[in-house]
Amino acid sequence: MLGSKYRTHNCGELVKGDVGKEVLLGGWVHRKRDHGGVLFIDMRDHYGITQVVLNPDCKCYAEFQHVRTESVILIQGKVISRADDAINSKMKTGDIEVVVEDAQIESVADVTPFMISSDEKVNEELRLKYRFLDLRRESLHNNLMMRSRVISFIRKHLSDKGFTEMQTPILTSSSPEGARDYLVPSRVHPGQFYALPQAPQQFKQLLMVSGFDKYFQIAPCFRDEDARADRSPGEFYQLDMEMSFIQQDDLFAQLEELFLEMTTALTDKKITQMPFPRITYKDAMNKYGSDKPDIRYGMELMEVADIFAKGSFKAFSSLNEKGKALKALVVKETAGEPRSFFDKAEAHAKENGAMGLGYIVFKETGPKGPIVKFLDDALIQELKERCAIEEGDTVFFGGGEWLKTCEIMGRMRTYFAEKKVEFDSKEMAFCWIVDFPMYEYNEDDKKIDFSHNPFSMPQGGMDALLNKDPLDILAYQYDIVCNGIELSSGAIRNHKPEVMYKAFEIVGYDQAFVDDKFGHMINAFKFGAPPHGGIAPGLDRIVMLYCDEPSIREVIAFPMNGKAQDLMMSAPGSVTPEQLKELSIKILDTEL
RNA sequence: GGGGAUGUAGCUCAGUUGGUUAGAGCGCCAGCCUGUCACGCUGGAGGUCGACGGUUCGAGCCCGUUCAUCCUCGCCA
């Protein structure tokens, strides 16, 4: 052994002022450079990299010539300053090196399946299987450190603002709304199941009823839904928050302050606009074709049904009526694109449910395209003015039922932006989407449904529920969006039992149903409930934005793959017949 | 469940019109090298071309099936 302790310093802290010190270091062999008569080893730990030097007179010299990278070594040596021409300005410790006097190989490493000291892209399946190695690599290691800083900033900030951090149950009950639940069988109650919470929604509202005033939690949430790049299957984390005696504006101010201070403290990014712009749901759909618009760029959709109503092109002239839309999308500098550009765009529109994708290319020689022959000059002129079209632009059209048309053209806006827009990686364009409709018409069931959280307060309260067309009622329901990523939904809640009964009545649920499914909530509200509201930004997505990562798996230490498997732990896995029997569970033969 | 992309050495990839023994960089192993820092030089090992079937005199390449991964639609109160 080298001494009574493993290390006196870490691998990231020795600088010029430490020259002359006798030190002990522990770490991994990051890289090795053997010059025959002198051996350099870059030693790495969590804190950084330090170059250590072995000379032939060191008794460990021969052994360390063959030490493999990623082995853990312990060294004892003396800090010396490097010669002027040997200083490495790229390294924090580049002014010094440690001359090894004694050393030992503490843990021999097998050859790793991929290189730790390189940022070369590696097959993700392999990375997930060897996650503990992947986490050694600089990029993932840094991402996880950013995640830690985000959590720690949030805790300090919100605690300072008077929020109380609390825990809520992980084993709870299945709720009739929302995504598929993860279920946990009960041993004590055969045939009954717990559900893992999709969010602590009801608990946090009950905490407001309990008078805790302001609550937050870094809350695990479980939803059995298929994965996406920005959606981890199984579990994810929310910054879950709820506040009493607040209105929408109070909450917006709290969140804007948090995001501004956190972004400034932890990143070199810039928030485009403070306070965050507020866009109504309807405007967002009309202008951006999405309820999570990326407002870093323009390319807004324009309504042009009224213009085409004057023309004779039948497919478009009939769209100028309530419930329909004809949207124009101008894409700059595309007139020179080959035919394949337009064919691919149309194919993409069709994949998203469009009947087709009409377009006019404004070339030097005049407007061109499949539909131009149906349009007269005056109409095209009016279109040019409305949409501010210049020579070299192309205008694309989508028409039909309002919501579907907006969504399709919104996806086309994103599609073209990916090809044509240069994004500033430092920009964070937050916005609030407000005034979501309380109800929507469910085409499948031919009835009115809640469009979001049934516990949201309808704008106008009881009066609106009694006197307005349900489909025109708005809710105090809002989303926070950044760079086209939805960070969270939130709402000012409905804390009045009589308003809640009425709200449920509109979607066809009587008082008995509400009492049965949400009796604990209603009951709580009958004992004096403060007005309250909250939000729950996705923690993983915040960290993704801060780390410029396109995939949520890059900010989670041990993520599952797209099929909700943990390849390192081999989860999910089989259990013994005894375990099943204890839980009164029989596995069906699913091969049939 | 649908659509798209990918699959060749441990890793990242190339592989022409179907034609001899499937290549490169990195890594690995051995040797050389006293100032490198992505060290350098020499040599070597390493391949069921995802799997199965078919077409062909001949398949990494063409066809069919299938598996895996990623992206996406559905789904995500």
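Below, read A as the first sequence line, B as the second, and so on, with proteins coming before strands; counting in each chain starts at 1. Owing to the predicted nature of the structure, the values given are computational and were not obtained by experimental measurement.
- To the nearest angstrom, C1' of B/C33 lies 11 Å from CD of A/Q65.
- A 3.5 Å limit on both hydrogen-bonding distances identifies B/A5 as the Watson-Crick or G-U partner of B/U69.
- Both A/L128 and A/V111 sit near RNA chain B, but only A/V111 has its closest nucleotide nearer the 5' end.
- With sequence neighbours left out, A/L126 forms a side-chain contact (heavy atoms from CB on, under 4.5 Å) with A/P113, A/F114, A/V122, A/N123, A/Y130.
- Note that A/K447 lies in the cation-pi zone of A/Y509, set by a 6.0 Å cut-off to the ring centre and a 45° limit from the axis.
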At under 4.0 Å between heavy atoms, which parts of nucleotides 38-44 of chain B does protein reach? Answer with one letter per nucleotide, 5' to 3': B base, S sugar-phosphate only, - none.
-> SB-----
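- Contacts of A/A86 with the nucleic acid, taken as non-hydrogen atoms under 4.0 Å apart, include base atoms.
- The A/A199 side chain lies nearest to B/A77 when the options are B/C71, B/C75, B/A77.
- Pair assignment for B/G60: none, as no Watson-Crick or G-U wobble contacts are both less than 3.5 Å.
- Within the 4.0 angstrom heavy-atom criterion, base atoms lie near A/Q201.
- Applying the Watson-Crick and G-U wobble criteria (two distances, each under 3.5 Å), B/U55 pairs with nothing in any strand.
- The backbone N or O of A/Y237 sits less than 3.5 Å from a side-chain atom of A/D540, completing a donor-acceptor pair.
- A search for side-chain contact (heavy atoms from CB on, under 4.5 Å) contacts involving A/T69 returns A/V29, not counting sequence neighbours.
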Review item, side-chain donor-acceptor pairs of residues 56-63 of chain A, under 3.5 Å, at least two apart:
unit_1 : atom_1 : unit_2 : atom_2 : d
A/Y61  : OH     : A/G36  : O      : 2.6

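- Not counting sequence neighbours, the partners of A/Y439 by the ring pair (Phe, Tyr, Trp, His ring centres under 6.0 Å) test are A/F450.
- Residue-level contact check: A/F40 touches the bases, meaning some heavy atom is under 4.0 Å from a base atom.
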Nucleic acid footprint by protein, nucleotides 7-12 of chain B - heavy-atom cut-off 4.0 Å, B for base, S for sugar-phosphate alone = ---SBS
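- Closest approach to the A/A179 side chain among B/U36, B/C76, B/C28 is made by B/C76 (side chain taken as heavy atoms from C-beta onward).
- Nucleotides of RNA chain B nearest to A/G562 and A/D226 differ in position, and the one nearer the 5' end is that of A/G562.
- Contact of A/R228 with B/G74 (side chain to base): a donor-acceptor pair of N or O atoms is detected under 3.5 Å.
- Under 4.0 Å is where a charged nitrogen must lie from a carboxylate oxygen, and between A/D226 and A/R231 no such pair does.
- For A/R231 and B/C75, a side-chain-to-base donor-acceptor distance below 3.5 Å is present, hydrogens and geometry of angles not being considered.
- B/G27 makes up no base pair with any nucleotide shown, lacking Watson-Crick or G-U wobble contacts both under 3.5 Å.
- B/G18 makes up no base pair with any nucleotide shown, lacking Watson-Crick or G-U wobble contacts both under 3.5 Å.
- The structure places CG of A/D516 at 12.0 Å from CD1 of A/I522, a figure rounded to the nearest 0.5 Å.
- Taking a cutoff of 4.0 Å between a charged side-chain nitrogen and a carboxylate oxygen, A/E337 and A/K419 do not qualify as a salt bridge.
- Here A/H66 lies in heavy-atom contact (under 4.0 Å) with sugar-phosphate atoms only.
- Counting only heavy atoms from C-beta outward, the side chains of A/E486 and A/R541 approach each other to under 4.5 Å.
- The pairing partner recorded for B/U34 is none, the criterion being a Watson-Crick or G-U wobble arrangement whose two distances lie under 3.5 angstrom.
- Of the nucleotides present, none pairs with B/C49 by Watson-Crick or G-U wobble criteria with both distances under 3.5 Å.
- Pairing partner, B/C75: none, since no Watson-Crick or wobble contact has both distances short of 3.5 Å.
- Between A/E554 and A/R127, at least one side-chain nitrogen of the basic residue sits less than 4.0 Å from a carboxylate oxygen of the acidic one, meeting the salt-bridge criterion.
- Using a 4.0 Å heavy-atom cutoff across all strands shown, A/R553 reaches sugar-phosphate atoms only and no base atom.
- Residue contacts shown for A/Q565 are limited to sugar-phosphate atoms, with no base heavy atom under 4.0 Å away.
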